[in-house]
Student: 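Here it is, the structure in full.
The chains referred to below are lettered A, B, ... by the order of the sequence lines, with proteins before strands, and numbering in each begins at 1. This structure is a prediction, so every number in the text was calculated from the model and none was measured.
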2 protein chains.
Amino acid sequence: MAHPAEPQRFTGSGKLRPEEQIYQEMLGAILDRRLEPGMKLIEENLAKTFGVSRARIRAAFLQLAHDKLINLVPNRGAFVSEPTIAEAIEVFSARRMIEDGVVRKVTAHMNDDQAEQIRAHLQAEHKAHHEGDHRAAIILSGEFHLLLARLANNLVIEEFLERLILRSSLIIAMYESPQPADCSHDDHDELLRALTGGDADEAASCMAKHLDNIRDRLQLQREKPGKTDFASIFGRHPSSKAG
Amino acid sequence: MAHPAEPQRFTGSGKLRPEEQIYQEMLGAILDRRLEPGMKLIEENLAKTFGVSRARIRAAFLQLAHDKLINLVPNRGAFVSEPTIAEAIEVFSARRMIEDGVVRKVTAHMNDDQAEQIRAHLQAEHKAHHEGDHRAAIILSGEFHLLLARLANNLVIEEFLERLILRSSLIIAMYESPQPADCSHDDHDELLRALTGGDADEAASCMAKHLDNIRDRLQLQREKPGKTDFASIFGRHPSSKAG
DNA sequence: GTTATGCAAATCGTCAACAATTTTGTAAAA
DNA sequence: TTTTACAAAATTGTTGACGATTTGCATAAC
């Protein structure tokens, strides 16, 4: 239940309204894979669990669906998203595009205060890594990218990237390699050097390599079969009724 | 991959579920300024107007709020967004970032079929322009950018840009100059030349200039006072009780 | 004349019940 | 044995009603 470093949305209002509470809890459960990809989310069960009515759950569903973390199928219900390989590739490709612009902008306007913010964040990342707090490390790693977006000083980009990072987290949880391979903090160090160095091209290249690293560490060779996707499990499509 | 509930925004054809219908109608009304920025949207009135219950309206509100076209204030209701100057600038800045990547990608993978799609679209733009169909021209102009995003072959980017274009439309409607200044189709022509020329840098530069043109044609000098925004009307902020 | 107080109207927030749809289970017919 | 038809259960879709909050207005107090 306790999620110390729950990803926090920047909704302007500091207080957490009960509706946000439900959204956050479900978000955390999905990213932790306590709710597995493909799992059906039954409104009434969730309503009882959270002690609210179905209307609230429905509203939370709309938010999550908008973030592409669940799938809403008319008259069928809500299912935890099962990002396909193609989707995963597109998400990281999109991030490359966006974050290329971000690092260029940050590099151009870098000042001492901003550099210090990045350094402080990296220190936190290293701390979590050395203490073996894998969960915190993953969250902080995502927040590193979000910090850069914030330093780019564009709320539109920041919010979009926040969603992409959430989506990335689900993809990583779904396709990650058996070995931890959590060495991205080295990439982040290198990125800081490039950013403070003032060379926009190098910083952009660094970021591109970093994102490719993350993507390439995933096991994107074969489609992960969803629990109900017998087509891919048995290597055939459910087209004809009798074969 | 199945996307059963994909929101299709610009096409009026096809089966339109009643919920999408409501979203579309409100969207159109906002972009046409039949619903003016700042106007309060009363749930029950809209429910009666559309002949549905408030729950439906509420769901539509969530979608529109997500697109930043309306503002949801707890216990107060929904209001048509009044994008500030800062927001307007950020939106166009974000588009520069995104569409820079888009045109580079499109330039790299350009083939005859794609070039033909763009030409066909430009022809439609010119036709609307010559026939004086201002409304169609504006819509087509937005769809031109969307077409490029589609040719970049990344659904994530495409959907995000779609939202940004909607937001841009509201901004343009709110801050547009008195004179029509609808000469963006020339920019689009130039863009096509750059795209087919294969020079990614030039294409990107073209797009950047084009977006700056649109932005600079807006009257972003002073904040447009919302109907109730006395702070800007009287040039002071509503901090102290008696001034 | 101005400010404070309380009442009334309007509107949003929430819910529980009912209707429609899909899924599952069972049995009859070919 | 296989297919089809039908009924029952589970789940989503929708609605109208009720309580909570905000807003507007009238009245009273200073």
Student: Mark yes or no for whether A:R33, through its side chain, and A:A173, through its backbone, hold a donor-acceptor pair below 3.5 Å.
Tutor: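 Yes, A:R33 side chain to A:A173 backbone: donor-acceptor pair under 3.5 Å.
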
Student: In whole Å, what is the span from the CD1 atom of A:I57 to the C1' atom of D:dT11?
Tutor: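 Interatomic distance, CD1 of A:I57 to C1' of D:dT11: 15 Å.
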
Student: Rounded off to whole Å, could you give me the CZ-to-C1' distance for the B:F79 and D:dT23 pair?
Tutor: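 My rounded result for the distance is 11 Å.
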
Student: Taking only residues two or more places apart in sequence, or in another chain, which ones meet B:H210 in a ring pair (Phe, Tyr, Trp, His ring centres under 6.0 Å)?
Tutor: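 Applying ring pair (Phe, Tyr, Trp, His ring centres under 6.0 Å) to B:H210 gives B:H145, B:H188.
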
Student: Can you list the residues that meet the side chain to side chain contact (heavy atoms under 4.5 Å, CB included) rule with B:I172, with sequence neighbours excluded?
Tutor: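 Only B:F92, B:E176, B:I214, B:L218 meet the side chain to side chain contact (heavy atoms under 4.5 Å, CB included) criterion with B:I172.
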
Student: Measure the distance from CD1 on B:I42 to C1' on C:dG13 and round it to the nearest whole Å.
Tutor: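 To the nearest whole Å, that distance equals 16 Å.
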
Student: Please work out which of the three classes, parallel, tilted or perpendicular, describes the rings of B:F160 and A:F160, given edges at 30° and 60°.
Tutor: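 Geometry flag for B:F160 against A:F160: parallel rings.
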
Student: Base, sugar-phosphate, or nothing for A:R58, non-hydrogen atoms under 4.0 angstrom?
Tutor: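 Result for A:R58 = base.
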
Student: Return no unless some side-chain N or O of A:R76 is found under 4.0 Å from OP1 or OP2 of C:dT23.
Tutor: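 So the side-chain polar atoms of A:R76 do come within 4.0 Å of the phosphate oxygens OP1 or OP2 of C:dT23, strictly under.
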
Student: Base, sugar-phosphate alone, or nothing: which one does A:L41 contact when heavy atoms must sit under 4.0 Å apart?
Tutor: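 Sugar-phosphate contact only.
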
Student: Any N/O pairs under 3.5 Å between the protein and nucleotides 15-21 of chain C? List them or say none.
Tutor:
unit_1 : atom_1 : unit_2 : atom_2 : d
C:dC15 : OP2    : A:S53  : N      : 3.3
C:dC15 : OP2    : A:S53  : OG     : 3.2

Student: Could you check how far CG of B:L72 sits from P of D:dT21, rounded to whole Å?
Tutor: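 Atom CG in B:L72 sits about 18 Å away from atom P in D:dT21.
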
Student: B:N45: what forms a side chain to side chain contact (heavy atoms under 4.5 Å, CB included) with it, not counting sequence neighbours?
Tutor: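 Once residues adjacent in sequence are excluded, the partners of B:N45 under the side chain to side chain contact (heavy atoms under 4.5 Å, CB included) criterion are B:I42.
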
Student: Which residues satisfy the side chain to side chain contact (heavy atoms under 4.5 Å, CB included) test with B:E90, sequence neighbours excluded?
Tutor: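 Partners of B:E90 by the side chain to side chain contact (heavy atoms under 4.5 Å, CB included) criterion, ordered by chain and then number, come out as A:N154, A:L155, A:V156.
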
Student: Checking B:F61 now: which residues fulfil ring pair (Phe, Tyr, Trp, His ring centres under 6.0 Å) with it, not counting sequence neighbours?
Tutor: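 Once residues adjacent in sequence are excluded, B:F61 has no partner under the ring pair (Phe, Tyr, Trp, His ring centres under 6.0 Å) criterion.
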
Student: Once you round it to whole Å, what is the distance between C1' of D:dT11 and CZ of A:F61?
Tutor: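 A:F61 atom CZ is separated from D:dT11 atom C1' by 12 Å.
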
Student: How long is the line joining CD1 of A:I70 and P of D:dT12, in whole Å?
Tutor: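 Value for this atom pair: 11 Å.
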
Student: Measure the distance from NZ on A:K40 to P on D:dT11 and round it to the nearest whole Å.
Tutor: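 Roughly 7 Å, once rounded to whole Å.
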
Student: How many Å lie between CD on B:E43 and P on D:dA20, as a whole number?
Tutor: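 Between P of D:dA20 and CD of B:E43: 18 Å.
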
